[in-house]
Amino acid sequence: MHWADVIASELIEISSFHRIATGISPSGHIHLGNLREMVTADAIRRALIDAGGRAELIYIADDMDPLRRRYPFLPEKYSEFVGMPLCNIPDPDPSGCHESYSEHFLQPFLESLEILGIPVETRRASEMYKQGLYEDAIKVALKNSEKVAKIIREVTGRELEEDWYPFMPICEKCGRINTTKVTGFDENGVYYSCKCGNSGKVGYKGGGKLSWRLDWVARWKILKITCEPFGKDHAAAGGSYDTGKRLAKEVFEYPPPFPVPYEWIHLKGVGAMKSSKGIVIPVRDLVETLPPELVRYVIIRAKPERHIEFDPSIGLLEIIDEFEEKFKEKDRSVQLSLVQEVKYSNVPFRHLIVVGQIANWDLNKAIEILERSGYSSENLKEDVERRLRYCKVWLEKYAPKTLKFEVISGKVEINEEEKKFIEKYAEKLREDMDAETIHKLVYEIAKDCGIDANKAFKAIYKILVGKDYGPRLGYFIKSLGVDWVKKRFHEAY
RNA sequence: GGGCUCGUAGCUCAGCCAGGUAGAGCGACGGGCUUUUAACCCGUCGGUCGCGGGUUCAAAUCCCGUCGAGCCCGCCA
């Protein structure tokens, strides 16, 4: 049974309707590692529906979260914004394409979610706070500060100051949220003093936010969350899910959601993807490189509790092979990955890599080549058009050099034997020959010259692509144009 | 100090939740194929399921312990 179906079957015993929450932080590029949370949630949503239940996905974008420090990808002057809520910090892109720091990272991610077929209700924390949705929760938390502190002490073993409050006001003077300290509260608002020297009072609607461990729990109740995937950092003993469970029951009187902890995705040879370190593959980039079903498949094929070692290069090619194979078997991971009804032709991605390069990414030329090689199906053109685009991007961005070739010009060093072969070959090569004839001619001429066919092929590849090997020769020469190839032979030595 | 995950063929992993004669892909080796760049087809080799104990008619699977690897929490979120 697929992991998503196992979770769905457990959920459906609790209720037939579920609200699944996700909470990826828009504090930097949202990357493949973050995406795991969304795709995991969506796989569960689909599994629930397949099991006869209903489900909705909610994404709480915590744009009230303060900027922790100036990350390496940020300009120098961003030091001054450290501590301010992300929604109040300007777009770090020099073009200022979005209205705030958080929107700059959030927007492309939301676009990607549409491409990935993940229907999600997005709620921004800043808006929820301003709308007053948190008001009751804040009051409950403040009134129960001692109880909250006790729970946190018991679960985490951490010491909290006597006058600790689970609320972080935004300083009206310096705009920071992590430099303030609550000094008291009443019906009108929360009183604070800030390290900047300012002190004052903020309201319950948008004047500040609950500290993380409380904020998370408050959301569960406000949005009626029943299930939530989260990173294993939250899942560790004494982590925020542990405190959350108790706070939910004892302070907010709401049952904690069904937890689905998941592991990090590592970038092969680099380590865990961390937006703060800038080692990431942004989701936006990924959906331009791979068909959506494959992006999903990378995540869905692995159980959430397992590490994923993501290799965007040759390793990805192996996953694509696997996907194409399992696609025929109606594999469950494939089912849960498909976004729309896509009709795959029988052309492997691996082969498109070669054809695309020969055809110089021209669709009609590519189709022509494919048809000559015997591929045919109703949806060939439609499918190739779609996947050829991805293929090109992948090849440019992630493919190992060994899979790329480039038609070269200029002189090439070849020996007498090779020269003799090339000359004879060029002499016999004619424009009206078909690919197969061109190909067979190599063996013929090689035999005449008394050289090994292998050497003959190598000689030609050396001249055309500067390597000992290359794409299947007949089609290659045909698509380059026989006359052009002859000319190339002449200028090569 | 605490928690989680992993340990099964040379490699990557499936199988474990609901116990019933160890699987796949890749690699290697042998063969086929007048080259789809790491194409394709056929075949062979390859594992005391980390280790020790327990439960059971029966354990890779359940339980206890132990060793090794990785990560997380004990700042913030």
Side-chain angles (χ1 to χ4, degrees), chain A residues 1-3 5-7 9-10 23-25 27 62 64-69 83 86 125 152-153 155-159 168 177-178 209-216 230-243 259 261-264 266 268 271-272 276 301-309 311 313-315 317-319 321-322 325-326 331 333 347-355 357-358 369-370 372-375 395 399-405 435-436 439-444 446-447 452-454 456-458 460-461 465 467-476:
Chain A
M1 204 165 161
H2 193 273
W3 60 262
D5 294 317
V6 173
I7 294 170
S9 71
E10 284 173 40
I24 300 160
S25 165
S27 59
D62 193 355
M64 282 281 271
D65 208 29
L67 182 67
R68 297 266 126 56
R69 56 195 168 87
L86 300 171
I152 292 180
R153 276 193 204 103
V155 178
T156 67
R158 148 185 164 205
E159 273 313 306
M168 301 155 64
I177 192 169
N178 62 355
K209 70 172 293 202
L210 287 166
S211 64
W212 160 249
R213 284 177 194 251
L214 277 292
D215 184 294
W216 198 27
F230 47 82
K232 64 158 169 194
D233 48 342
H234 298 315
S240 37
Y241 188 73
D242 263 8
T243 47
Y262 61 85
E263 261 286 356
W264 307 138
H266 291 234
K268 197 177 180 191
S276 54
R301 68 193 278 277
K303 284 190 279 196
E305 65 268 25
R306 299 213 41 152
H307 288 266
I308 293 177
E309 196 74 21
D311 172 14
S313 181
I314 200 78
L317 212 47
E318 275 157 28
I319 292 182
D321 285 346
E322 180 189 300
E325 197 55 40
K326 301 243 167 136
D331 174 82
S333 288
V347 186
F349 191 84
R350 240 176 230 281
H351 190 39
L352 279 181
I353 293 167
V354 176
V355 174
Q357 288 181 95
I358 296 177
I369 293 164
L370 286 167
R372 259 193 318 224
S373 358
Y375 288 102
L395 200 73
K401 281 184 198 144
T402 52
L403 292 185
K404 297 182 198 178
F405 61 81
E436 206 188 332
H439 185 80
K440 282 188 171 167
L441 190 65
V442 178
Y443 292 96
E444 241 173 71
K447 207 173 170 188
D452 194 63
N454 252 327
F457 277 103
K458 281 180 185 172
I460 299 173
Y461 286 125
V465 295
K467 297 189 215 172
D468 282 352
Y469 49 84
R472 189 167 202 159
L473 199 62
Y475 300 115
F476 194 36

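- Aromatic ring pairs are classed by plane angle as parallel below 30°, tilted from 30° to 60° and perpendicular above 60°; the pair A:W216 and A:F230 is perpendicular.
- Within 4.0 Å of A:M64, counting heavy atoms only, lies no atom of the nucleic acid at all.
- For the pair A:V347/A:V355, no side-chain contact is recorded, criterion being any heavy-atom separation below 4.5 Å from C-beta on.
- Between the C1' atoms of B:C71 and B:A28, the separation comes to 34 Å (whole Å).
- A gap of 26 Å separates the C1' atoms of B:U5 and B:U48, to the nearest Å.
- Nucleotides B:A69 and B:A60, compared at atom P, are 26 Å apart to the nearest Å.
- Interatomic distance, A:R153 CZ to A:R158 CZ, rounded to the nearest 0.5 Å: 10.0 Å.
- Side-chain atoms of A:A237 lie closest to B:G3 of the nucleotides B:C71, B:G3, B:A14.
- Ranking B:G15, B:C75, B:U37 by closeness to the A:F405 side chain, first place goes to B:U37.
- With rounding to the nearest 0.5 angstrom, the OG atom of A:S211 is 7.0 Å from the CE atom of A:M168.
- Side-chain atoms of A:K232 do not come within 3.5 Å of backbone N or O of A:W264 as any donor-acceptor pair.
- Between A:L317 atom CG and B:C26 atom C1' there is a gap of 13 Å when expressed in whole angstrom units.
- The structure places CD1 of A:I308 at 11.0 Å from OH of A:Y262, a figure rounded to the nearest 0.5 Å.
- B:C76 atom C1' lies 5 Å from atom CZ of A:R68, rounded to whole Å.
- Note that CD of A:E305 and CD of A:E263 are 9.0 Å apart. Values are rounded to the nearest 0.5 Å.
- A distance of about 14 Å separates the P atoms of B:C49 and B:G7, rounded to the whole Å.
- Side-chain N/O atoms of A:K232 include none lying less than 4.0 angstrom from OP1 or OP2 on B:C6.
- Rounded to whole Å, the separation between the C1' atoms of B:A38 and B:G2 comes to 46 Å.
- Figure legend. B:C4 is base-paired to B:G70; pairs are counted as Watson-Crick or G-U wobble with both atom distances under 3.5 Å.
- Taking atom CG of residue A:L395 and atom P of nucleotide B:A38, one finds them 14 Å apart after rounding to whole Å.
- Using P as the reference atom, B:C75 and B:C64 are 30 Å apart when rounded to the nearest Å.
- Between the CZ atom of A:F230 and the P atom of B:C4 there is a distance of 13 Å, given to the nearest Å.
- Protein atom CZ of A:F349 is 15 Å distant from nucleotide atom P of B:U37, rounded to whole Å.
- Atom CH2 in A:W3 sits roughly 16 Å away from atom C1' in B:A14 (whole-Å rounding).
- If you check every strand for non-hydrogen atoms under 4.0 Å, A:D65 touches sugar and phosphate atoms only.
- The nucleotide B:C40 finds its pairing partner in B:G32, both defining distances of the Watson-Crick or G-U wobble pair being shorter than 3.5 Å.
- Across the strands present, B:G52 finds its partner in B:C64; the criterion is a Watson-Crick or G-U wobble pair with both atom distances under 3.5 angstrom.
- Here the nucleotide nearest the side chain of A:A236, chosen from B:A77, B:C73, B:G70, is B:C73.
- Looking at A:D65 and A:K209, their side chains come closer than 4.5 Å, going by heavy atoms from C-beta outward.
- Spacing between atom CH2 of A:W264 and atom C1' of B:U5 amounts to 13 Å, rounded to whole angstrom units.
- Listed candidates were B:C17, B:G2, B:C13. Nearest to the side chain of A:V6 is B:C17.
- Contact annotation for A:Q357: base contact, defined as any heavy-atom pair under 4.0 Å involving a base atom.
- Nucleic acid contact for A:G238: sugar-phosphate only, since backbone atoms but no base atoms lie under 4.0 Å from a heavy atom of the residue.
- Each of B:A77, B:C73, B:G15 was ranked by its minimum atom distance to the side chain of A:S211; first place goes to B:A77.
- Along RNA chain B, the nucleotide closest to A:K404 and the one closest to A:E305 are compared, and the more 5′ of them pairs with A:E305.
- Of the C1' atoms belonging to B:A39 and B:C45, the separation is 24 Å, rounded to the nearest Å.
- Taking every side-chain heavy atom of A:R213 into account, B:A77 is the closest of B:C72, B:U37, B:A77.
- A sub-4.0 Å separation between OP1 or OP2 of B:A24 and a side-chain N or O of A:R301 is absent.
- The side chain of A:R306 has B:C13 as its nearest neighbour among B:C13, B:G70, B:U37.
- Of the two residues near RNA chain B, A:K467 and A:A235, the one whose nearest nucleotide lies more 5' is A:A235.
- Straight-line distance between the C1' atoms of B:C29 and B:G52: roughly 37 Å, to the nearest whole Å.
- Between the NE2 atom of A:H234 and the P atom of B:C72 there is a distance of 13 Å, rounded to whole Å.
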